[in-house]
Structure formats: structure tokens, C-alpha cells
Amino acid sequence: AGGTRCYLEGIVSGLTEGNSMKYGNFDLTDASGTIYVYGCLNAAGESQKFADLGVKNGDKIKVIADEYEFYQNTTPEAKDVQYVSHISAASITVENITMEVDEVATISATVDLVDAVVTYTIKENAENAISLEGNTITARAEGTATITATVAEGANYLGNSVDFTVTVGPKTESDEV
């Protein structure tokens, strides 16, 4: 099938290095489901220029497409869509943390946006290993906790979140006399 021109807008996933980035082959997902994009032309209609657009996994993209059905008419696929615009997702990274009981640590997140506010919430807290206040962790008992770091959506970017692990080990005895 095919031939109906429409706008598609959704979140990009499945981009990988190589031809995926060169040609713009990715999954585009919205509330109604996922469609595979097989080739994304830039706004001028040129192929093999997708990497120049700066689109990455997690970004919201808008394209113009003709819908086609492939793979035994079960998986929708849009071929050679034309790029309209995209909004970048915030990029956030946090390193896993290892602590000892009674130790206090400050979480340090790396975000690619100026003035982005990062919030932290405990996702799992085995053995009540930690307490969390703002970006300060206090190790309470041996165990493992998972914390979610979140950047809220802003005017020009999508929000994003990442989980990281805090492992609390036993307090090391001091050799002081």
C-alpha cells in the first residue's frame, strides 16, 4: 500500500552508527504505536545527509511520509520520509557510586544543557541502604539502591531520565590508636 502523504511525529529509537545514521533508518514511536523509517531525507530532499541533522535516540522528530506496509503487511514502514524538524532530548549521565556505611556523598550528574535542573528520586532501596536529600546521599546500611536522575522538559528540549546504582559496603575500620 502507500501513497497517502502525512506528517509523522514521535520519539526516535534504534539509531545505530553506520548506515542507520547515514541514511536515517530508525523506529519512530508515538501514542498509536511504532513505524520503521527506512531513509530520512533532509529538508532539501537530499539523501545520505541524516547524520548532519543532529538527530539522536530519544529526540522527538517530525517528518512528512508516504506510508507503506512491508513484512507480510504486519509492520508499517515509511520509506524516504522528509525531515521537517526535531526537538532534542536532554542527555544526562551519572556514574554508579560505591560507598561505606556512614559515608556521605554528593551526586554529580552530567547534562548537556545549560541551566537544566536535575532531580533525584529513589527507585529501589534494598535494606534501606541509603537516605537521599536533594543531591546528597547518606549511606545507612550495607545494600544496594537504585536512584533515578531526571531532567524535566524545557521550552526547547525534551526531558529525560537515567537510573544509576549506589552500592553500600561495610564501614572500614580505622587503624588509628
Side-chain angles (χ1 to χ4, degrees), residues 5-71 74-97 105-125 132 134-135 137 144-167:
R5 292 191 57 80
C6 60
Y7 283 95
L8 299 175
E9 186 173 43
I11 303 300
V12 173
S13 64
L15 272 175
T16 58
E17 292 299 318
N19 284 343
S20 178
M21 283 299 296
K22 181 178 180 179
Y23 294 101
N25 301 335
F26 55 89
D27 291 317
L28 187 146
T29 303
D30 68 8
S32 66
T34 300
I35 187 168
Y36 183 70
V37 172
Y38 186 71
C40 183
L41 310 176
N42 67 12
E46 300 170 307
S47 67
Q48 301 182 33
K49 304 277 186 177
F50 184 77
D52 298 341
L53 299 173
V55 177
K56 62 188 183 305
N57 288 320
D59 288 358
K60 183 184 232 180
I61 192 169
K62 185 175 190 177
V63 296
I64 301 172
D66 291 320
E67 186 178 331
Y68 292 86
E69 291 282 339
F70 286 108
Y71 308 121
T74 59
T75 302
E77 181 174 297
K79 185 175 182 184
D80 292 335
V81 302
Q82 187 163 3
Y83 171 87
V84 176
S85 63
H86 80 281
I87 299 172
S88 293
S91 175
I92 180 171
T93 56
V94 182
E95 298 294 324
N96 292 331
I97 299 171
T106 302
I107 303 168
S108 178
T110 303
V111 182
D112 65 347
L113 302 164
V114 178
D115 298 329
V117 176
V118 181
T119 57
Y120 303 96
T121 54
I122 296 174
K123 185 175 180 179
E124 297 175 18
N125 194 6
L132 174 66
N135 67 337
I137 303 169
T144 303
T146 302
I147 297 176
T148 301
T150 303
V151 175
E153 185 167 328
N156 299 312
Y157 59 88
L158 298 175
N160 205 354
S161 64
V162 65
D163 290 346
F164 63 98
T165 303
V166 178
T167 304

Requested in this report: Under the side chain to side chain contact (heavy atoms under 4.5 Å, CB included) rule, what do V118 and V111 come out as? Steps first, then yes or no, please.
Outcome: CA-CA 8 Å; V118 181; V111 182; 3.5 Å; yes
Report task. Answer yes when D52 and K49 have at least one side-chain N-carboxylate O distance shorter than 4.0 Å, and no when they do not. Result -> no
Query raised in the report: Any idea which heavy atoms bring L28 and I61 closest together, and the distance?
Result: CD1-CG2, 3.4 Å
Report task. Evaluate the side-chain proximity of M21 to T16: yes if any heavy-atom separation is below 4.5 Å, no if none is. Result -> no
Query raised in the report: What pair of heavy atoms forms the shortest contact from N25 to G39, and how long is it?
Result: OD1-N, 2.9 Å
Requested in this report: Taking all non-hydrogen atoms of both residues into account, name the closest pair between S91 and D112 and its distance.
Outcome: N-OD1, 2.9 Å
Query raised in the report: If you look at every heavy atom in G14 and N57, which pair is closest and at what distance?
Result: N-OD1, 3.2 Å
Requested in this report: Report yes if the side chains of V166 and T144 come closer than 4.5 Å at any heavy-atom pair, otherwise no.
Outcome: no
Requested in this report: Please report the closest heavy-atom contact between P76 and I35, naming both atoms and the distance.
Outcome: O-CG1, 3.4 Å
**Report entry** Distance in Å, Y120 OH paired with N135 CG, rounded so as to fall on 0.5 Å steps
**Finding:** 5.5 Å
Report task. Quick one: pull up NZ in K60 and OG in S88 and give me the separation to the nearest 0.5 Å. Result -> 13.0 Å
Query raised in the report: When rounded to the nearest 0.5 angstrom, what distance separates CD1 in I87 from CG in D59?
Result: 9.0 Å
Query raised in the report: Could you give the distance from OG (S32) to CG (L8), rounded to the nearest 0.5 Å?
Result: 8.5 Å
**Report entry** Y83 side chain near L41 side chain, heavy-atom distance below 4.5 Å
**Finding:** no
Query raised in the report: Rounded to the nearest 0.5 Å, what separation is found between the CG atom of D27 and the OG atom of S13?
Result: 4.5 Å
**Report entry** I107 and L132, any side-chain heavy atoms less than 4.5 Å apart
**Finding:** yes
Requested in this report: Could you tell me whether the side chain of T119 reaches within less than 4.5 Å of the side chain of T121, counting heavy atoms only?
Outcome: no
Query raised in the report: Looking at OG of S47 and OH of Y23, how far apart are the two atoms once the value is rounded to the nearest 0.5 Å?
Result: 7.5 Å
Query - N42 (side chain) donor-acceptor with G45 (main chain) under 3.5 angstrom - result: yes
Requested in this report: Look at the side chain of N160 and the backbone N and O of A90, then say whether any donor-acceptor pair between them is shorter than 3.5 Å.
Outcome: yes
Query raised in the report: Does atom CD of E95 have more than 12 heavy-atom neighbours from other groups under 6.0 Å away?
Result: no
Query raised in the report: Would a 4.5 Å heavy-atom cut-off, applied to side chains only, mark I64 and C6 as touching?
Result: no
Query raised in the report: Under 3.5 Å, is there a donor-acceptor pair between the side chain of K56 and the main chain of A89?
Result: yes
Query raised in the report: Strictly under 6.0 Å, is that where the ring centroids of F50 and F26 end up?
Result: yes
Query raised in the report: Does any donor atom in the side chain of T34 or T29 lie under 3.5 Å from an acceptor atom in the other side chain?
Result: yes
Query raised in the report: Would you say the side chain of T150 lies within less than 4.5 Å of the side chain of V162, judging by non-hydrogen atoms?
Result: no
Query raised in the report: Out of I97, I92, T146, which residue meets the side chain to side chain contact (heavy atoms under 4.5 Å, CB included) rule with F164?
Result: I97
Query - Flag for T148-D163: side-chain donor and acceptor within less than 3.5 Å - result: yes
Query - E9/D30 under side chain to side chain contact (heavy atoms under 4.5 Å, CB included): CA gap, chis, key distance, verdict - result: CA-CA 7 Å; E9 186 173 43; D30 68 8; over 6 Å; no
Requested in this report: Taking atom NZ of K123 as the centre, report whether more than 12 heavy atoms of other residues, nucleotides or ligands fall under 6.0 Å from it.
Outcome: no
